[in-house]
Number of protein chains: 2
Amino acid sequence: MLKPPHSQPAIETTDPRVQRSRRMLMDALVKLLTEKEFADVSVQEIADEATLNRATFYLHYPDKDALLQATTEARFRELIARRGLSFTDCDGALRAIALGVCDYLAETTSCPSQLSQMPLENSVISLVEGMFQEGASAHGVEPSAEVALRGTAVAWAIFGAARHWFLTTERLPAEEMAAKIEVMVKPMLLNASH
Amino acid sequence: MLKPPHSQPAIETTDPRVQRSRRMLMDALVKLLTEKEFADVSVQEIADEATLNRATFYLHYPDKDALLQATTEARFRELIARRGLSFTDCDGALRAIALGVCDYLAETTSCPSQLSQMPLENSVISLVEGMFQEGASAHGVEPSAEVALRGTAVAWAIFGAARHWFLTTERLPAEEMAAKIEVMVKPMLLNASH
DNA sequence: TTCTCCTATCGACAGGTGTCGAGTAATCAA
DNA sequence: TTGATTACTCGACACCTGTCGATAGGAGAA
C-alpha cells in the first residue's frame, strides 16, 4: 500500500556503504525478477542475492514494495536520461514522454510474464506528472490547480494507454504508439497551458 | 499484485452458503477499515469479524488484496447503479462517470486516512473502461483497437483526475469537478467515436 | 593513530501467511 | 428420505515478516 515513513528516503546519501548496499539490493531484485514473480520473491532471497543480511534490507527499505518502487523509479529515470529528453521543445516532449513510458514497460516487464501490475505505476505516473510541472514552469506557465490537474490527467492517460499497448499481443512499434498517444492526449493540454 | 487464479472467481455461484460467506467477508473488511489501515488488517481478523474460519477465507479469496478488490468493485457497481447511470444520452454519460468515480473515492476512502492507494484502481478503472465499451457498442460504434485504446486512456485520465481531486485539501464539490473533468477529457474521444 | 559515528551483522522474537488432511454439516437432486 | 456433493471447521505445518538489542567493523575527523 503506502509507505509514509521512508517513502522517499532512499535518496541523497553520500556514504559509499549506503550507496553500495542499495545498489546491490536493486540489482538483486532485478535479477530475481527474471526468474520468478515479484510476489514469490522474499526479502530473505533478495538479501541473500545481494550478499547482505536481511536486517540490512530493512535498514534501507520498509518492505519489498518500497524496493520495487525505488528500483522502478531509478530505471525509468535512467531510461529517460538515456533518451536525452529535453524540455526545450514543447512539441517533441509529449511524444518523447509517451515513448519513454512505452519503452519502459516493454523493457522492464518483459521478463517473467506480467509484472505490469500496480506497484510500478505509482512511481512512473508521479514522475511523468513531475515532468509536466517542470515543462510548464520552464515555459512561464505559472503553477495553478488547473495546470496541476491537467498534468495529472495527462500522466494517467499516457500511462494507461501505454499499459494497454503493452498488454496487447501483436503490438505496434513503440514509436508509432507514442505518436498515437501524442495526438490523442494533446487536446487535453491545449485549453490551459500556454 | 495480480491474482491470476481466482481473479474473477468471486462471481456466479448460486449456493447460498457461498453468497453468505462472501458477503460476510466483505462486510467484515469494510467494518475493519473504519478502524484501521488496510495494511494493518490481518486475514485472521477479517475471518473473526465475519465469524468464519480463516481457512474459509482462503476458499474464496487468494489473499486480502483480492477481497479488497472484490469489495471495491461491488461497491462501485452499486454506487453507479444507485445513481441510475444510463447510456441513453451520450453527453451526460461522461460527466456521470466522472462524478461516479469522484463520489466513489470520497465515499469509500474517507474512513481511516488515505486508502486511496493502488489495489482499488485496478477494479475501478477496468469498470470505467467497460462502460465505454458498452456505451460505444450501444451506439453502433464497432469495436476496434482504436476505440479500445481511447476508452482505456479516458478511463485512466478520469481516475487520475478524480484521485488528484480527492487528495486535494479544500476540494471543490464533486459535481463541479466532474464537469471540469468532462470538458477536459471529452476532446480525447472526439476523433474516433461517432 | 585514535576516537567517534554510523552502518552492517547476527540471533531471536511474536505474529501473520498460505496450505494441508481429516472431520462435520449444510445443500441439492433423485 | 436418501445419497452425493460441496462448503465449512479445526489443528497443524513450514515459511515469511518486521523488529529488537547486542556486537562487530568500516569511514572520516581530530
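Letters go in sequence order (proteins before strands), and every chain restarts at 1. These numbers come from the heavy atoms of this one structure, side chains and all, not from hydrogens, waters or symmetry mates.
In this structure, A:R95 and A:E175 have side chains that are not in contact, with every pair of non-hydrogen atoms separated by 4.5 Å or more. Side chains of A:W156 and A:V128 form no contact here, defined as non-hydrogen atoms less than 4.5 Å apart. You'll find the side chain of A:Q19 stays beyond 4.5 Å of the side chain of A:R23, heavy atoms only. With a 4.5 Å cut-off on side-chain heavy atoms, A:I46 and A:R54 do not count as touching. Taking the side chain as every heavy atom from C-beta outward, A:E142 and A:V147 never approach each other to under 4.5 Å.
Computed from coordinates, the B:M24 CE to D:dA7 P distance equals 17 Å when rounded to whole Å. For the pair A:N53 CG and D:dG21 C1', the computed distance is 14 Å after rounding to whole Å. Between B:D40 atom CG and D:dG18 atom P the separation is 11 Å, expressed in whole Å. Distance A:D65 CG to D:dT17 P: 11 Å, rounded to the nearest Å. Atom pair A:L67:CG and D:dT17:P shows a separation of 12 Å (rounding to whole Å applied). The separation between A:I46 atom CD1 and D:dG18 atom C1' is 14 Å, rounded to whole Å. Atom P of nucleotide C:dT19 and atom CG of B:L59 are separated by 11 Å, given to the nearest angstrom. Here the P atom of nucleotide D:dC16 and the CZ atom of A:F38 are 15 Å apart, to the nearest Å.
Nucleic acid contact for B:D15: sugar-phosphate only, since backbone atoms but no base atoms lie under 4.0 Å from a heavy atom of the residue.
A distance of 9.0 Å separates CE of B:M26 from OG1 of B:T72, quoted to the nearest 0.5 Å.
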If you apply the rule salt bridge (Lys or Arg N to Asp or Glu O under 4.0 Å), what do you find for A:E146 with A:R150, and how did you get there? CA-CA 6 Å; A:E146 182 69 23; A:R150 284 179 185 267; 3.0 Å; yes
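Phosphate contact (OP1/OP2 of C:dA8, side-chain N/O of A:S21, threshold under 4.0 Å): present. Close to C:dT7, at under 4.0 Å from its OP1 or OP2, lies no side-chain N or O of A:H60.
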Which atom pairs link the protein and nucleotides 12-18 of chain C when you take only N or O atoms and keep those under 3.5 Å?
{"from": "C:dT17", "atom 1": "OP2", "to": "B:V43", "atom 2": "N", "distance (Å)": "3.2"}
{"from": "C:dG18", "atom 1": "OP2", "to": "B:Y58", "atom 2": "OH", "distance (Å)": "3.0"}
{"from": "C:dG18", "atom 1": "N7", "to": "B:R54", "atom 2": "NH1", "distance (Å)": "2.9"}
{"from": "C:dG18", "atom 1": "O6", "to": "B:R54", "atom 2": "NH2", "distance (Å)": "2.8"}

